[in-house]
**Student:** 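Here's a structure for you.
Below, all heavy atoms of this structure are taken into account, side chains as well, without hydrogens, waters or symmetry copies.
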Amino acid sequence: MTSYRISEAARLLGVSDDTVRRWIDSGALPVTGDSPARIPGDALAAHAVTSADAHADSPDRLSSARNRFTGLVTRVQIDGVMAQVDIQAGPHRVVSLMSAEAARELDLQPGSLAVASIKATTVVVETPKENHS
């Protein structure tokens, strides 16, 4: 079974090491008997889902998109009829290509709060090589 160090779990959940330690101390996250402490991968995944549900978007809006990234606009490049908008959402950089008209209408500029909703028909999944031994 895969397990993660506290620092790895913190990075994966986008929180500090101290936050993960508090969750462990409160019983919200279990640890293995290893030293240093490790968090079972299945428990970490369940906690990530629960955490995401707790921070769900406003109940006054419904959407079929399941991949939503709230972050800050870091760059807007408008060239003719198209615009490229970069959003930093925690450790994730999301790039959107949209019409220049839409970017202007949304008044997107560096520092603006934005939510990127991503719906795709193809998702590529990769795993580290050590998982295949």
Side-chain angles (χ1 to χ4, degrees):
M1 172 175 53
T2 303
S3 62
Y4 297 91
R5 294 187 326 261
I6 289 174
S7 61
E8 292 172 320
R11 183 177 44 82
L12 290 167
L13 295 175
V15 298
S16 71
D17 293 8
D18 287 337
T19 298
V20 172
R21 287 186 190 95
R22 282 193 297 274
W23 287 337
I24 290 168
D25 291 344
S26 73
L29 275 176
V31 292
T32 65
D34 299 334
S35 183
R38 296 182 68 85
I39 300 161
D42 57 348
L44 188 61
H47 187 81
V49 170
T50 303
S51 257
D53 288 345
H55 295 96
D57 289 323
S58 171
D60 64 343
R61 175 182 25 193
L62 298 175
S63 175
S64 64
R66 295 295 178 248
N67 301 307
R68 299 176 65 80
F69 298 89
T70 301
L72 294 172
V73 174
T74 58
R75 182 172 65 159
V76 178
Q77 290 182 287
I78 297 177
D79 183 19
V81 297
M82 294 302 296
Q84 176 181 323
V85 179
D86 294 20
I87 299 171
Q88 192 67 41
H92 306 288
R93 176 177 172 243
V94 179
V95 178
S96 175
L97 299 176
M98 65 179 71
S99 70
E101 178 184 7
R104 287 187 193 101
E105 186 177 299
L106 293 169
D107 193 26
L108 295 173
Q109 53 191 308
S112 298
L113 181 65
V115 178
S117 298
I118 301 165
K119 187 161 184 168
T121 56
T122 303
V123 176
V124 176
V125 176
E126 300 175 351
T127 62
K129 285 184 179 181
E130 64 263 11
N131 283 355
H132 300 285
S133 52

**Student:** What pair of heavy atoms forms the shortest contact from Pro30 to Pro40, and how long is it?
**Tutor:** O-CD, 3.4 Å
**Student:** Please find the pair of heavy atoms, one from Ala116 and one from Val94, that lie closest to each other, and give the distance.
**Tutor:** CB-CG1, 3.7 Å
**Student:** What's the shortest heavy-atom distance between Ile78 and Ala100, and which atoms?
**Tutor:** CG2-CB, 3.6 Å
**Student:** Can you list the steps and then say if His47 with Ile39 is a side chain to side chain contact (heavy atoms under 4.5 Å, CB included)?
**Tutor:** CA-CA 11 Å; His47 187 81; Ile39 300 161; over 6 Å; no
**Student:** Just verifying a value: how many Å separate Leu113 CG and Leu108 CG, rounded to the nearest 0.5 Å?
**Tutor:** 10.5 Å
**Student:** Looking at every heavy atom in both Ala37 and Val31, which two are closest together, and how far apart are they?
**Tutor:** CB-CG1, 4.1 Å
**Student:** For Leu13 and Leu44, work out which heavy atoms get closest and say how close.
**Tutor:** CD1-CD1, 3.5 Å
**Student:** So does Glu101 have more than 12 non-hydrogen atoms from other groups sitting under 6.0 Å from CD?
**Tutor:** no
**Student:** Counting C-beta onward and ignoring hydrogens, is there a side-chain heavy-atom pair between Glu105 and Met98 closer than 4.5 Å?
**Tutor:** no
**Student:** Can you tell if the side chain of Tyr4 reaches within under 4.5 Å of the side chain of Leu12, non-hydrogen atoms only?
**Tutor:** yes
**Student:** Tell me the closest heavy-atom pair linking Ala114 and Val73, and the distance in Å.
**Tutor:** CB-CG2, 3.9 Å
**Student:** Is any side-chain heavy atom of Leu106 less than 4.5 Å from a side-chain heavy atom of Val85?
**Tutor:** no
**Student:** Between OG1 of Thr2 and CZ of Arg38, what distance do you get to the nearest 0.5 Å?
**Tutor:** 9.0 Å
**Student:** For the atom pair OG (Ser99) and CE (Met82), what is the distance rounded to the nearest 0.5 Å?
**Tutor:** 7.0 Å
**Student:** Run Asp86 and Gln88 through side chain to side chain contact (heavy atoms under 4.5 Å, CB included) and show every step you take.
**Tutor:** CA-CA 7 Å; Asp86 294 20; Gln88 192 67 41; over 6 Å; no
**Student:** Do Arg21 and Asp18 sit within salt-bridge range, that is, some charged N less than 4.0 Å from a carboxylate O?
**Tutor:** yes
**Student:** I need the Arg22 CZ to Asp17 CG distance, nearest 0.5 Å.
**Tutor:** 10.5 Å
**Student:** If you count every heavy atom of other residues, nucleotides or ligands that lies below 6.0 Å from Asp25 atom CG, does the total exceed 12?
**Tutor:** yes
**Student:** Distance from Leu72 atom CG to Ile87 atom CD1, nearest 0.5 Å?
**Tutor:** 9.0 Å
**Student:** Rounded to the nearest 0.5 Å, what separates atom CG in Leu97 from atom CD in Gln77?
**Tutor:** 10.0 Å
